[in-house]
There are 2 protein chains.
Amino acid sequence: MPRRTPNPHTAAGERILATASELFYERGIRGVGVDLIADEAGVTKKTLYDRFGSKDDLVAAYLRRRRERWVDWFSARLAARVAAGARPGAERVLAALEIAEEWAQDNRRGCAFVNAHAEIGGLDHPGNAVVLEDKRYMLAAFTDLLREAGYPDAEARGAQVHLLYEGAIIAHTTHAQPDAFGTARAAAATLLASTAAR
Amino acid sequence: MPRRTPNPHTAAGERILATASELFYERGIRGVGVDLIADEAGVTKKTLYDRFGSKDDLVAAYLRRRRERWVDWFSARLAARVAAGARPGAERVLAALEIAEEWAQDNRRGCAFVNAHAEIGGLDHPGNAVVLEDKRYMLAAFTDLLREAGYPDAEARGAQVHLLYEGAIIAHTTHAQPDAFGTARAAAATLLASTAAR
DNA sequence: CTGCGAGTATACCGACCTGTGTGGTTACGT
DNA sequence: ACGTAACCACACAGGTCGGTATACTCGCAG
């Protein structure tokens, strides 16, 4: 066989992915058909299938793209805070949670990976790996921030902060708590102060 | 008008709701058609629409049923722990998190309300109210547990524990953390000890 | 015994779904 | 100038979606 899915990185492929990304996030994966995506992208279904092979693969590409964007944006934003004087440890963790809140303001449908995981039934879906990748990345981000500050229990505390982060996204998106990220930051501050005071 | 959706509480209606509840949770709301539900319940589509009016209303009924079941099970389980000697405050909060973990073991697709919220696009969907209801209930459950123990900052600490609870469910179902609920309990213990020690 | 609600079976509707196929056109590199 | 990749337009397949319609049977309470 030549190539199963040749190379999506063409002008039309880019448009398809951009369109699909917005539609998938806004209306849900199952709520969007490939016809609509092709139409909105100004492309025929033929081209879509030539570029991406299947809807499932397009979904996986969407998740990868979204993850890429988030990682770039998040790390750049965090680096800026570091450059602006955020000291290692608690200060940087709280900054990370502030950045997450900032992002959540513009993404009212919540975490794309949680949503995708909810919509994707089968475990064999090519998108599931990306979902897990994202969650593990954020977990590692928090533990790394604590480890670099010399916290002896960076693993444990990082995991705890990670739960606060995930919970805040849910509580924010479902409107369960009006100031979910503020709550998360308060909790994180207490947790990290408790360690530092030891 | 006589009655928009007459009365779902008939023998067939019960079978429909039971079948729909399992299918909706296991395969996702959008992943299940009304034809399948009717078939599995041994009922015609006519009957299904006579009982529930629309798929959206059936979805709302599913969420209400699921919430009812969870509230009953959770509160009974918690009452048993109280009867077994769990003291007010941290002990009961940790017990609640243990109960949630127990429940999560048997519900591998995670929180039905989070999943539903992810699948339901429009804010006008009759199921959205139930989702919010559940989240607010669990938030109140934690704050109540702390208030009854005389915590001065029951509101704030309860909200923080609620985030840990929501985060643990996400981290557990996405396999982001192997022992998400253990992590949540450790964090909750630290938070509540921090208050008590003050 | 009669009236009625509940449920049955079957067929249908228009719209939508993912995916495939056949051709024709444009643009670009060699 | 020629080949090739990318793209277009159009049509179609086979199936599912939510929802409706007609007409029949059954059990039971008045």
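The sequence lines fix the lettering, A, B, ..., with proteins before strands; numbering per chain opens at 1.
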Exercise. Return the value, rounded to whole Å, for the distance between atom CG of A:D39 and atom P of C:dC16.
Key: 11 Å
Quiz item: Do we see a donor-acceptor contact under 3.5 Å between the side chains of A:R157 and A:T195?
Solution: yes
Exercise. Report yes if at least one side-chain N or O of A:T10 is closer than 4.0 Å to OP1 or OP2 of D:dC7; otherwise report no.
Key: yes
Quiz item: A:Y25: what forms a ring-ring contact (aromatic ring centres under 6.0 Å, His included) with it, not counting sequence neighbours?
Solution: none
Quiz prompt | Listed nucleotide nearest any side-chain atom of A:S54, set C:dG19, D:dA6, C:dA6 | solution = C:dG19
Quiz prompt | Salt bridge flag under 4.0 Å for residues A:D72 and A:R69 | solution = no
Exercise. Can you tell me the distance, in whole Å, between the CZ atom of B:F24 and the P atom of D:dC17?
Key: 11 Å
Self-check item: Nearest-nucleotide comparison on DNA chain C, the residue closer to the 5′ end among B:G13 and A:D35
Solution: B:G13
Quiz prompt | Length of the line joining B:R30:CZ and C:dT18:P, which is rounded to integer Å | solution = 12 Å
Quiz item: Whole-Å distance between C:dT20 P and A:K55 NZ?
Solution: 15 Å
Quiz item: When the distance from CZ of A:F52 to C1' of C:dT20 is rounded to whole Å, what number comes out?
Solution: 18 Å
Quiz item: Expressed in angstrom and rounded to an integer, what is the separation of A:Y49 atom OH from D:dA5 atom P?
Solution: 23 Å
Quiz item: Phosphate oxygens OP1/OP2 of C:dG7: is one of them under 4.0 Å from a side-chain N or O of B:R51?
Solution: yes
Could you list the donor-acceptor pairs under 3.5 angstrom formed by side chains in residues 165-172 of chain A, with sequence neighbours left out?
unit_1: A:E166; atom_1: OE1; unit_2: A:K135; atom_2: NZ; d: 3.2
unit_1: A:E166; atom_1: OE2; unit_2: A:K135; atom_2: NZ; d: 3.2
unit_1: A:E166; atom_1: OE2; unit_2: A:H162; atom_2: NE2; d: 3.1

Please table the atom pairs, donor to acceptor, closer than 3.5 Å between any side-chain atom in residues 120-129 of chain B and protein atoms at least two apart or in another chain.
unit_1: B:H125; atom_1: ND1; unit_2: B:G127; atom_2: N; d: 2.8
unit_1: B:H125; atom_1: NE2; unit_2: B:D56; atom_2: OD1; d: 3.1
unit_1: B:N128; atom_1: ND2; unit_2: B:G122; atom_2: O; d: 2.9

Quiz item: For B:R77, which residues count as a salt bridge (charged side-chain N to carboxylate O under 4.0 Å, His left out) partner, sequence neighbours excluded?
Solution: B:E102
Practice problem: Write down the distance between CG (A:D57) and P (C:dT18), rounded to a whole number of angstrom. | Solution: 14 Å
Practice problem: Rounded off to whole Å, could you give me the CG-to-C1' distance for the A:L48 and C:dG21 pair? | Solution: 16 Å
What donor-acceptor contacts under 3.5 angstrom involve side-chain atoms of residues 83-94 of chain B, with partners at least two apart or in another chain?
unit_1: B:R87; atom_1: NE; unit_2: B:E91; atom_2: OE2; d: 2.9
unit_1: B:R87; atom_1: NH2; unit_2: B:E91; atom_2: OE2; d: 2.5
unit_1: B:E91; atom_1: OE1; unit_2: B:R87; atom_2: N; d: 2.9
unit_1: B:R92; atom_1: NE; unit_2: B:A86; atom_2: O; d: 2.8
unit_1: B:R92; atom_1: NH1; unit_2: B:E148; atom_2: OE2; d: 2.8
unit_1: B:R92; atom_1: NH2; unit_2: B:A86; atom_2: O; d: 3.3

Do any N or O atoms of the protein come closer than 3.5 Å to N or O atoms of nucleotides 8-11 of chain D, and which pairs are they?
unit_1: D:dC8; atom_1: OP1; unit_2: A:G42; atom_2: O; d: 2.8
unit_1: D:dC8; atom_1: OP2; unit_2: A:T47; atom_2: OG1; d: 3.2

